[in-house]
Number of protein chains: 6
Amino acid sequence: MTVDVSNETVLLERERHVAWVTLNRPERLNAMNDAMLDELEAVLADLAASDNRVVVIRGAGRAFSAGYDVAADSAEVGYAAERTPVEDRDRLVSNIERFTQVWRHPQPVIAAVHGYCVAGATQLASLADITIVSDDATIMASPALPLGGGYLSPLWVHLVGPKRAKLMSFDAGRKISGKQAAEWGWAAESVPPELFDEHVARTAHSIARTPAPLLRLKKEAINRAAELQGLLTYARMGAETDALLHLTPEVQAYQESIKTYGLKGAIARFNAEDAP
Amino acid sequence: MTVDVSNETVLLERERHVAWVTLNRPERLNAMNDAMLDELEAVLADLAASDNRVVVIRGAGRAFSAGYDVAADSAEVGYAAERTPVEDRDRLVSNIERFTQVWRHPQPVIAAVHGYCVAGATQLASLADITIVSDDATIMASPALPLGGGYLSPLWVHLVGPKRAKLMSFDAGRKISGKQAAEWGWAAESVPPELFDEHVARTAHSIARTPAPLLRLKKEAINRAAELQGLLTYARMGAETDALLHLTPEVQAYQESIKTYGLKGAIARFNAEDAP
Amino acid sequence: MTVDVSNETVLLERERHVAWVTLNRPERLNAMNDAMLDELEAVLADLAASDNRVVVIRGAGRAFSAGYDVAADSAEVGYAAERTPVEDRDRLVSNIERFTQVWRHPQPVIAAVHGYCVAGATQLASLADITIVSDDATIMASPALPLGGGYLSPLWVHLVGPKRAKLMSFDAGRKISGKQAAEWGWAAESVPPELFDEHVARTAHSIARTPAPLLRLKKEAINRAAELQGLLTYARMGAETDALLHLTPEVQAYQESIKTYGLKGAIARFNAEDAP
Amino acid sequence: MTVDVSNETVLLERERHVAWVTLNRPERLNAMNDAMLDELEAVLADLAASDNRVVVIRGAGRAFSAGYDVAADSAEVGYAAERTPVEDRDRLVSNIERFTQVWRHPQPVIAAVHGYCVAGATQLASLADITIVSDDATIMASPALPLGGGYLSPLWVHLVGPKRAKLMSFDAGRKISGKQAAEWGWAAESVPPELFDEHVARTAHSIARTPAPLLRLKKEAINRAAELQGLLTYARMGAETDALLHLTPEVQAYQESIKTYGLKGAIARFNAEDAP
Amino acid sequence: MTVDVSNETVLLERERHVAWVTLNRPERLNAMNDAMLDELEAVLADLAASDNRVVVIRGAGRAFSAGYDVAADSAEVGYAAERTPVEDRDRLVSNIERFTQVWRHPQPVIAAVHGYCVAGATQLASLADITIVSDDATIMASPALPLGGGYLSPLWVHLVGPKRAKLMSFDAGRKISGKQAAEWGWAAESVPPELFDEHVARTAHSIARTPAPLLRLKKEAINRAAELQGLLTYARMGAETDALLHLTPEVQAYQESIKTYGLKGAIARFNAEDAP
Amino acid sequence: MTVDVSNETVLLERERHVAWVTLNRPERLNAMNDAMLDELEAVLADLAASDNRVVVIRGAGRAFSAGYDVAADSAEVGYAAERTPVEDRDRLVSNIERFTQVWRHPQPVIAAVHGYCVAGATQLASLADITIVSDDATIMASPALPLGGGYLSPLWVHLVGPKRAKLMSFDAGRKISGKQAAEWGWAAESVPPELFDEHVARTAHSIARTPAPLLRLKKEAINRAAELQGLLTYARMGAETDALLHLTPEVQAYQESIKTYGLKGAIARFNAEDAP
C-alpha cells in the first residue's frame, strides 16, 4: 500500500484498485469542518478521474465521525449570528450536495463505520453505497442537544423506515449499536470489531475484481430505483427546515446555554427537562 | 400524574409534557366503535391545541385493541344492509381520515402496543409516529374471518414491504408476536413485557425534553419522505376495494354464517375450507 | 394430489385449491432456458383461467433455480453474437414481462425457495407475492462472473433497500443464506429445511381458505402500494443497461474467457483480479 | 395498399411499413363490444410480431368509436345483474389491460380520431402514443347518462390536467371539439376535416422512415417518464371505483330507467334533474 | 334562490342542488383575513354534511380575491414581529389545510373567478376542482412586492408546468388575463364577462344533475391521480420556505418600507430596482 | 453594458443584475462542441459565485443552437468508433449533468430562443427555468436523421405531455414554430421577432428587481415539485438508451451513409424511406 496524498484532514491511500479515504481529525473525533469537507470533495473528484475502482471512507482514531463540528469554540457553528437565514440554508444545502457527490461518484463508495457516527456523519454514511459497521459502533441520528431539526433524519427513512427514523430523531442523543444498525438495515452488514478492518478490506477488494464500467452502471441502476422515491429531493428540503429552526427562541436559548455553561453543561440542563 | 378527562371509551391523563390516551373498552378488548373513534378524535384535537409535547396511545386491560367492532350483535358491522355502497365506502374513508389526524398531529404520537393489536387497530398503529410493542403482543393484519379486503394491509407496506404485507393479508388470522413485529420493522422496537410500561414512559419523557416546535418540524420532515411514496393516497384507496368486497356473495355468506353460527362457529367453518 | 400436466421443464400438480408448479431441469439446477420460461407462462395462464386459488412455484432437486442458462454450451447465452443490441434488450425485457405475469396473476403466488436461487431466479422470486425460504438456501443476486449488470439487483431494492442491493450486486457471487434473506426482508419468512415442505404446504392451504375474489383484490391493493414506488418501471429499465454492458470489451473478454477456459476457469481467472 | 385481414369488427390493411387498423361496426358508431376488443387484441399481437413499423387505429363511418356498447339491448352492459361485483371489476380491468397492450406495443400507435370519440373510446385514445384529431370531431369523457364513474376520466389527467378532467367527468355528456381537444393537449394535433386522412397518412409514413428498433426504444423512453407519475397504476384503480358505483341505487335506477324508457328517454329524464 | 346564511365575510345561498359561497369583503377586494377563512371553513363543513351537490366559490364586487390581507394596517401581516418562526410556519400551513378542505370536500367545488385573483387567492383556486374564469380577469401568482416566496407558485406547477410557474413567481406582480389563464390550463375554461354568471350557473346546475355519490367518487378518482405527483405534499412544504424568507433582511426591509412609505410607495421603490 | 468575459465560444456580458450568456459559434449555428460546453459550465459557475441575479442564455447569429455538433467532420460525433459503449454513455450523461447545473443554478436562467433550436439544444432549454421564444423560431426535438434515441425527447414530457413528445420524437426532423411551442407549453411565452430582444431584456430586468435570496428559494420550491415527477432521474436514463442505439446496425449504417454521401445526402436517402 502506498500513501498517495496527505491533506491536513483527509488522508488518501491507494492499494491496487481500492482507495482508502480517511477522515483525519482524530483529536476531534473527526468532526467535519469546512476544511475537511473541502478536502473530501477534492479527493473524491480526483479518484473519479482515475482508474480506481472502489472507495472506502473511514475515520482515524476512535470514531468514524462525530458529525459537523458545532463545539462552542468552533467557527463552523450552524446558527452563527453573522449568517442571514438564506446563507445558513445555502450552507446546509451545500453539505447535501457534497454528499450527493458520493452518491453520484462513478465508483462504489463504502462507508466503514467504527466508533462514533453521529448526526451529520450519518448523512455521509446514508449516501454512501454500502455501509459496513463494527458491532460495537455507536450510531446517533440526532445530537445530544437538539440545535435544529428535519435535516439529518429524513436521510434515515429509505433505510430504516419512518418509525425508526422518528424514534432516532425525536429522542435527542438516542444511540444504537452497530449491530442493531445492521439489524435495522441502516448498514448493509455489521461485523465484530476484531474482524472489522479485514472484513472491510476483503469486501472492497472483492468488489474491485469487477471492471469499473460494470460497477458504474450497476450503481446507477440501483440509485435510480432509490431516487424514484424522492430521496435526493427530500434530502435537500431539510436544509430549509433546519435553517428555520435555527432562528427559533428555543434553539437560540440552547446556543446561549452552550456559551454560558459549555456544551456538556448545556446538555445536562437539557436532560433535566421533563424530569419529575 | 393527574387525570384530566374521562370519557366513556377513551381516558386522558397528562403527566408533565406527556399525555396518556387510553382506549378503554377492556371488556371488548378495546374494539373500536364509533363512540371511541369520536372521543379519540376529540381528545387528540384538544391536545393539539395545548402545550402538551408527546402523546402515547395505549389500551386498557388485556389488549391494545381488537380492531373495529364487528361482532354479530354490534351496530358497527361494516357491511350492514342498511348502508348503500358509497355510504359504506364513506364510513371506511372516515376511519382513515381519523387516523390521518394522528399522522398530522403536531406532536409525536407513540402507539404503545401490548396484548392484541388486530386489523383496524393496526391502521391506527401504522399511522402513529412510533410504535413500541411488548415482546409477547399478538399482531394480526387480517381478522380470523375475511369480511372484506384491501383496506388494512396496504398500510403495512411502507413498514414491512410487500411480501410480508401479503403474507399477513392473504393468510386470514395469521399472528406475529411483538418481538417479530419489531424484527420486521412494523414496530420501532419491542421490549420484554415486564419492562414495557417503564420503557414507554421513559421514551415518552425523553422525547418530551425537546421543545414542541422542534418536534413538530422534525415530524413533518420525516412524514414528507414517507408521503412521497404515496402513503396517504393508497391508504384511502382501500376503502373502495373493501366496500366492493362487502357486496360479494362470499362475504355476504360469511355474514349469514355469523348470524347463524355465531362468530366462533363461522370462523370454525371457514377454517375447515381447503382441508383434505 | 393428482398430477395434471407434465411438460418437459415445468410440472403442474393440483391439490384442492393449491397448484404446485415445479421447475424441472434438476440436472441443470433448474436453470431457466426459453423452453422453461414458455412452459411456465403457459401453465400460469391456464391456472389464471381456472378455479385454482393459490400457486406455489418451487424447484425440483437441489435448487430452486440457478438463474438463466448461460453455460458456454447453451443456446440461451445473453450476449450471443448473432443478436443485435436491441434484440438483446428485447429478450431481456421479455423476461421481465413474463415475471410481471406472476405479479399480475389473479392468484397469490408463493415462491418456495430451497437450495440455490441465483441471479435471474431472484427476479422471479422478487415478483412473486410471498417468498418462503429454507434456512439453508443459498441466495445470490449476481452470478460468480459478471456478464452484465443493472438488470437483476434493482429488483432487490424494494425488499432489502439500496445498501444491501448494492452489496449483493457489486460483489460478484456473494451469497447469503435463506435465514439471512428472511432477516433482511428479501423473503417473507425462513424455516428449517426439515420443516420446509410441510410449512409451505400448510401456508398455501391456509391461504386457500379465502375465496378467490377476496385474494385477488387483496393482492391488487398491496401491489398498488408497491408499484407507486416505480417498481414495474425500473424493473424494465435494467434491460437497456444490461444490453449495453453486454457490448463492452470487458464482458466480451469474459465471454471469450468462458469459451477458452470453461466457466469454472473463467471464474477462477476473474477471482484472481485485484489480488495482492 | 393490400387488405391483409378482415375480421368481422376490426379491419387490417398494410401499406409498406404502416398498418391501418379500422374499428368496423359503423352501424353502431363502432361501439366496442367484446368481439371487437378480442379482434383488436389479436390484430395488435400479430403486428407486434411482424416487420410493421407504425400502427394507425381509426374508425369506419361517422365515428372513431362511441365507447363501450351499453345500449339497453346489448349483452355488454357493464352492470349486468348476472355478474358478481368482482367479476364486474375484472371485466373493467381487462379492458385497461387490452389498452395497455397499445401502450406497450413495440410500434408507435396513432389514434386517428374523427367524428365521435366517447367514454371508453377515450381510454383507447389516451393510451395510444399519438392522437391526431379532426377539428370537427366530438370528444366526450363521460356518456350522456352517468352509469358509473372514476374509470374513464383519470386517463385524461396526464393529458389535460385535473381541472379539465374534472369538468369533463362531472358534467355528464359534455362535449369538446377536436380543435379544442388539441388546444388542451388531449390530442397531439388537430387538422381540418378535409385534410385529415392525408395528414394522418403522411405523418404515419414519415414516422415509418425510422427503423423499428429506434422507434421501439424512443417510445419506451417516453413511456417511462409518463409511468413515473403513476399512470398505469391509477388507470387500473378506476375499475374498482366503477364496479362499486354500478351497485349504487342511483345507477341501478338509471338502469331501470333505460329498460323502461329506452336510452333516449332515460337521458331526457336525467337532463331534467336540477332544473328550475 | 333563498339566502341561507349570512356571515360577516362569507355569504351562502342555496339554489336547488347548488350552493353559492361568496367571499364578501368587497371594499377590500375580498382580501382573506382570518375571519373570512374561518367562516369559509365553517360554511364548507356545513355543506359537506348537507344534501347539496355542487359548490361555487366566487367574490363579491370587483374581484374574486386579492389574496391574504397584508396591508400595512392589517393584523394579518404574515411576518408580524410577534410571531416566532415556527408559529409563522404553522399559520402558513393552516391556510393550506383549509384549502385542502376544498380539495377533499365531498362535492365538486367550482372557483368562479372574475376581476382580481392574486397570490393566496390562487392557492384557493388551485385546490378547487374546476376553475371558470372571466376573459378579462386579472390573475397574479405573486404580489407586486415580494414579501416571501416558495409558498404560492408551487401550486401552479400541476396546472401550467414549471416554466410558467417560474415566470409568474420570479417576476413580481406579473399579470395574465383570464383568457390566457385558460389557454395555459390554469383554468378549465374562460368565458366573455357578459356571459360569465350565466355560464357558471349553467355549468353548476348541469353538474348537479348527477347524484352526489357518483360525483364524490369521480372526484376522488381524479384527485388520486393528481396526488400521486406529490401535490399535497409539496403544497405544505412551501410554508417552511416562506417562513424562512420572512426572516431575511431583504423582506424585513420591504416591511419597513411599507411602514414608512405605505404599500404603494414601497412598491414604487421596489419597481425602481435594477432600472438603468 | 460592459463586456465582462470573452471566451472563444461563449460570450458573457453583465448589465446591472442581469448576465447575458451568448452561445457563439454562429458559423455553425452555435452547434455545441465540447469547448462550448466547457466554457458554458465555467461561465455559469462564475456567475453562481457572483452578485448577479438573473442569467439569460441566447445564441449569436441566426440560431439559438443547432444541438450537439454531429457533422461528419466533427470530433464530437456521438457514436465515434473509438469510444467504448460505457464511455459513450458517460459522455451523454455528462451533458445532462452540465444542463442540470442550469437547473440547480442559484439564479433564474432564461433561455431566449430565436432561430433554430434543435435536438440537444432543447435539452438545455428544457432545464432552463424560463424559455422565451420568438414566434418564428424553429424547434425540433429530433434531428433530421435519427442517430440515436430516447435521450432528447423525454425532457419534453414534463412540458408538453407524452403525446406531443412522441410526435416530435418519432417523426424525425419534425418542426414546430416558436408560436406553437408556446401554445404547447414548451416555452413560457412567445413574442413577435421584432419585439423579441426588448421583451427578453425587460423580463430579465423585471425579475432582477427581486433580491437573489428570494429568487433562489422561489426557484428551489418549484424545482422540487417538478423533480417529484422523476424529472432528473429519467433525464439521466436516456443516456443508456441512446448509447445502446448507437451500436445498432441501423444507426451505424446512417453513420456510414453520412461518410459516403455527406449529411445532406444521408438525410435525402433517409427521407426516401417508406415512400410509395
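Any value given below was found using the heavy atoms of this structure, including those in side chains, with hydrogens, waters and symmetry copies removed. Just so you know, these numbers come straight off a predicted model, no measurement behind them. Each chain gets a letter, A, B and so on, in the order the sequences are listed, and its residues count up from 1.
B:Glu250 and C:Pro211 get closest at one heavy-atom pair: CG-CB, 3.5 Å. Considering all non-hydrogen atoms of both residues, C:Thr210 and B:Pro146 come closest at OG1-CG, 3.7 Å.
Contacts between B:Leu167 and chain C at a heavy-atom distance below 4.5 Å involve backbone atoms as well as side-chain atoms. With a threshold of 4.5 angstrom between heavy atoms, B:Asp242 does not approach chain C through any atom at all. Interface remark: C:Ala187 contributes backbone atoms only to the contact with chain B (heavy atom separation under 4.5 Å). Looking at C:Ala125, the atoms closer than 4.5 Å to chain B (heavy atoms on both sides) all sit in the backbone: N, CA, C or O. Looking at B:Ser142, only its side chain comes within 4.5 Å of chain C, counting heavy atoms on both sides. Heavy-atom distances place both the backbone and the side chain of B:Ser169 under 4.5 Å from chain C. For a residue to count as touching a neighbouring chain, one of its non-hydrogen atoms must lie under 4.5 Å from one of that chain's; by this rule B:Leu228 does not touch chain C. When heavy atoms are compared at a cutoff of 4.5 Å, B:Trp184 approaches chain C solely by way of its side chain, counted from C-beta outward.
Here the NZ atom belonging to B:Lys163 is positioned 10.5 Å from the CD1 atom belonging to C:Ile110, to the nearest 0.5 angstrom. Distance check, rounded to the nearest 0.5 Å: CZ of B:Arg164 to CG of C:Leu159 gives 10.0 Å.
By the 4.5 Å heavy-atom criterion applied to side chains, B:Lys166 and C:Asn223 are counted as neighbours. In this structure the side chain of B:Phe170 reaches within 4.5 angstrom of the side chain of C:Leu215, judged on heavy atoms. Using a 4.5 Å heavy-atom threshold, the side chains of B:Thr241 and C:Arg224 count as touching. The shortest side-chain heavy-atom distance between B:Pro162 and C:His158 falls under the 4.5 Å cut-off.
Exactly one residue among C:Arg53, C:Arg209, C:His17 makes a side-chain hydrogen bond (donor to acceptor under 3.5 Å, both in side chains) with B:Asp274. That residue is C:His17.
Shown here is B:Arg174, whose CZ atom has more than 12 heavy atoms of other residues, nucleotides or ligands within 6.0 Å. Atom CZ of C:Arg202 has more than 12 heavy atoms from other residues, nucleotides or ligands within 6.0 Å. Applying the 6.0 Å contact sphere to OH of B:Tyr116 captures no more than 12 heavy atoms from other residues, nucleotides or ligands.
Heavy-atom pairs under 4.5 Å with chain B were tallied for C:Ala204, C:Ala226, C:Pro213; the largest tally goes to C:Pro213. Between chain B and the residues C:Ala225, C:Gly230, C:Gly185, the most heavy-atom pairs under 4.5 angstrom are made by C:Ala225.
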